[in-house]
Amino acid sequence: MKEYDHTKIEKKWQREWAKKRLYRAVESADKPKFYVLDMFPYPSGEGLHVGHPKGYIATDILSRMKRMQGFNVLHPMGFDAFGLPAENYAIKTKTNPAIAVAKNVARYKKQLEIIGFDYDWSREVNTTDPGYYRWTQWIFAKLYERGLAYESYEPINWCPSCKTGLANEDVEDGRCERCGTAVEKKPMRQWVLKITDYADRLLADLDTLDWPSHIKESQRNWIGRSEGAEIEFAIKNHAGRIKVFTTRPDTLFGVTYVVLAPEHVLVTDLLKHAKNKDEVVKYVAHARMMTAIERTDAKKDKTGVKLDGVVAVNPVNKEEVPVFVADYVLADYGTGAVMAVPAHDERDWAFAKKYNLPVREVIAPHRYYAPNPPRDGKKTVTRANVHAIVRNPKTGEILGIKWKKFPWTTFPMGGIDAGEDSVAAAKREVYEETGYKNLKVTQSLGGRVVAEYFAAHKDENRVSHTSAVCFDLIDEERDPLSAEENEKHEVIWMDPKKITPSDMTHAELDVWLGRLGKEPEAYVGEGVLLDSGVFSGKKSEEVRKEITKFAGGTWVVRYKLKDWVFSRQRYWGEPFPILHQIKTKRALLIHGFEATGDDHWFKKMKKALEARGVEVHSPTVSTSHHPTIDSWMNELAPLVKDFGPDDIVIGHSLGGNAAIRLVQKMSKSIGRLFLVASAIGHVRNENEWETLARSMPESDIVSLRQFWQSPIDWNRITALVPHALLIKSKDDRIIPPHTYTVPTAWKVEEWDGFGHFDSAQGSEFDALWKRLEDFLPSEPILVSEDDLPVVLPKVKSYEPSGTGESPLATISRWVNVKVGTGKNARVLKRETNTMPQWAGSSWYYLRYMDPKNKKHLVDPKKEQYWGQVDFYVGGAEHATRHLIYARFWHKFLYDIGVVSTKEPFAKLQSVGLIMGEDGKKMSKRFGNVVNPDDIVARYGADTLRIYEMFMGPFDQAISWSTDGMIGSRRFVERVWRLRDKVDDIAHESRSTIALLHRTIAKVSDDIAHIRLNTAVSALMTLVNTCEREPSITRESYEVMLRLLAPFAPHMTEELWRALGNRSSIHRAPWPAANPALAEDDEVTIVAQVNGKVRAEFRMRKDASQETITMHAQSMPELVKWLDGKEVVKTIVVPGKLVNFVVKDRA
RNA sequence: GGGUCAGUGGCGGAAUUGGUAUACGCGCGACACUUAAAAUGUCGUCUGCCUUAACGGCGGAUGUGGGUUCGAUCCCCACCUGACCCACCA
């Protein structure tokens, strides 16, 4: 056989396979299907390193074996290329990301091709291909139609470096997962997917999946289901109620304060009632300033501030407790408020200790004393007891008493009398029982323990509420004991080592030992309720629902999982199939008389408008600061000259003359003018009124106020200003409080109260907002299915703006869409956010089934044929993102009938990283990157494949070793040279044939379970054995080649053809093991004496137990071990071993 | 702090219904082939002690300490170390 030239062989067969379309997947009913999937790569500019193909090699091996075993195999590959890395690369290199992606994809593909994978490239997908993302957009549209996609204005995680919002899943330790920058909270409009609607199903169906347990566990943690109670605390002298979430309502009687998160909606309101308003405002502001990392650092000291004067009422006992604002309570979990039970919660404990708040113990550990349990038929007495643990510092010994009538050893102990505390009681007991007089307290051993036992000395069952106090003897001064005490027990000093549950008669001992010498801490375990009204004495785990009901609360299920923030303020992503009505872009807020701009109404309006994407200008120009209306106008004019027909002006508290001036100046150029709370009463002259009304036919008066005694002719106004929504006082009187109503002809809005200019409260604001709604970007409109895809346009600059708008917003010819014709024509505006990187990868496995279909995401028949992915291989780092998102989308697609299965990936196998030779993560930064191209060129793809599989367990991280790879190359060459030993008249030994069959079984099984390192080692063993034979049959060699074909497809194909086979080895049937041939007829049996191997011998594998025993006993090596001993027992494992259990003859 | 997994020669690792610990490979050593080197092949390679010319023999070792068992890398308990994931989630 000629020399092994890997380059020539590999190129030749790769070309040939492509030409023959050897690996094309077909749907046909005659064969069972097998769908093997890799997590498709994200082609970066760096190209592949040797770690990347590891998973692909494994799926390649599995898919090749399955194909040879007669399955229709689907093993596709594609590219995920939207998102930040490609975009950042484009910014850096100043190239269109589409071009860079195409280049990177081509490079990746080439790198993959030389490794010889069996991908069906005719099914390649690319998430950035409009033909592909059309369907990503389609899925989004369906989600939107079903109410599972919505716009939210809640604060979200914002990365100031990437200049985009992030999903919860994209934040790691408070930092942006991509760039490591600390994320901020920023309020902005976002598209959000309601993944929480699927939380229960995502959790429950995990049980149906054959996935690694740690990945399932991370998903469970991420979903974070917890059951608990929602309970309301009333606020004294206030209408509001604080709703808290707790998993431990059984501790309700231990509540000593209530805590609100700084962002809690009630805080703003409650702080007005707080005596320390400034302090609270400062604390809240500070909390908002902090980054998530600072906030959530668990090591950080807990901080908070009391709402001084605000009092909450505990619903179970009507007790009044203080209210705090503290940032250890998270705004976005539960209800954003907690009831604090410092005795039984570590965080509350830490906070209470720091601020010196009361700790009330209501749960006691429960001990049932098994050695001396309560007895039936005896009365039960509940007592408060104390144990005294007294140490003599001179000797280190502990004081104990040994009971004379009972086999007990206890500490000095006894009941706590009325009016006594536990320390006094303990001292008294020590004195009475042992006579020692002078003690000092060293430690109080935490809270009480409830113990149940039978008190034999009193012939009753005890429920003891026990505490314990530790003392040191000050001196050994001691009084003699009473005769009565002397009769009962003996005083002893014990070695501290003897203080163990087996040496002492205390059910509580383990608790004391656990607390001894430690700082006191919260008891967070289960136990018996104390001081809890009617619930006292009950078990904590049993009363939760009952006590919740008693508190008027409800039992609820909560999830940690948050809805998926789905929009990014970046260029390189799928555009949303969404149009917005073009509305106001900018608003001018003008405050007139005396308003300062600080007032609540202004702030609220500004925030509301900004949240809807309106740019708000609110110059601090007030009529109050100007001597004349004209000078006011003059200051205002330059600030407003840019305002145009798309803009609105809102005037608040403008006097009549100012309003008229404003209208006259601006009504021609601006879109709409709204006047709120205007003192139109100033307009005394009806002609002026007419002027005003005629000047603003397109404008609105939302509310008028009368402050001076001047009657208004409402009918006249409404006739003149048909758009007006007037709110007038019911009886036209001026005396507050008065009620404004709208004439019955229009929508009636009632507004109670004068409001002291704080018109943010009540319907005056709402009425205006209702009007404004028509002018704001509102209810999005879905792009019709026929108009998909919404193609991502080319853009000059990819830089993110940082303002919360994507670069797309600057492309007006793309953003503005004209719909309708003639009179109905209107211009709509495209959504300019783009989808996150995870969108395309959430469903790509479906598209492989039917990649070119223009009518359907996937043809239902094909979807039904391929069904679930049978085997999915990829990195464990996707546990809480891709793998949750894809499951979510799949379930949704199931719900709308697109797919027929409830879960996308039946079996998941995670792949371990390949690290650099230095043990560090392979990265350009460390200069430890190994390029597969170099390895393939030097050693060949087959060697690379075998080595990567042989390195170690597949799912384990492991360091690359080019030296270690030599072994794989040698193995390949040995197989190659073995060809020279093929001889038709070869006679192989029976044991070699047996090994061959065992190897078939092992390799088949190992591949199926991705135990590829042992599969390779089995093949090596086989080759080693065959090399020792003088010659081997062609039949055996062909079996070996077929077993090796999935690992080394090129070399085996070459050898296979060289043997005269006309068709590809990769279409040849997989060898079947013959169990009858897989075993030698003789086996080695081990002879043991007392479990130690003393001899071994060969024997027919079906030898009987008796034969084996007889033979072993007669062996000289064994005789010397058995001689003079008595065989107590003989254990025979047929075909394996015989073990003689012997002992000395008595 | 919680979860998951792991710890075996100089190194990567193998060994599962509890039955010969260290397969396979790397490295290392010796030898053969060679003028030489490389390549290749053969043999050896956990460890201590005893013993021999050579052979051989006895004991110990799978992170540590216990337990169950005729027998434990494997099962149980406690602890130590490391990795990964999650974490102020009430």
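The chains referred to below are lettered A, B, ... by the order of the sequence lines, with proteins before strands, and numbering in each begins at 1.
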Open item on the list: If you go through the side-chain atoms of Asn221(A), does one of them form a donor-acceptor pair with the base of C86(B) closer than 3.5 Å?
Closed with: no
Open item on the list: Could you check whether Lys560(A) makes a cation-pi contact with Tyr333(A), meaning its NZ or CZ is under 6.0 Å from the centre of the six-membered ring and within 45° of the ring axis?
Closed with: no
TODO: Using whole Å, report how far CD of Glu877(A) lies from C1' of U4(B).
DONE: 16 Å
TODO: Scan Trp1121(A) against the nucleic acid and name what it touches under 4.0 Å (heavy atoms): base, sugar-phosphate only, or nothing.
DONE: sugar-phosphate
Open item on the list: The side chain of Lys302(A) is closest to which nucleotide in this list: A14(B), C86(B), C88(B)?
Closed with: C88(B)
Open item on the list: Mind checking if Lys1136(A) touches a base, just sugar-phosphate, or nothing, with heavy atoms under 4.0 Å?
Closed with: sugar-phosphate
Task: Asp348(A) bridged to Lys302(A) by N-O distance under 4.0 Å - done: no
TODO: Give the nucleotide from the list A90(B), C58(B), C26(B) with an atom nearest to the side chain of Arg1094(A).
DONE: C58(B)
- [ ] Could you tell me whether Arg220(A) contacts a base, only the sugar-phosphate backbone, or nothing, with contacts defined as non-hydrogen atoms closer than 4.0 Å?
- [x] nothing
Open item on the list: Any base atoms under 4.0 Å from Arg977(A), or only sugar-phosphate, or nothing? Heavy atoms, all strands.
Closed with: sugar-phosphate
TODO: Please determine, for the side chain of Gln1088(A), which listed nucleotide (A90(B), G19(B), C58(B)) has the closest atom?
DONE: G19(B)
TODO: Scan Ile1131(A) against the nucleic acid and name what it touches under 4.0 Å (heavy atoms): base, sugar-phosphate only, or nothing.
DONE: base
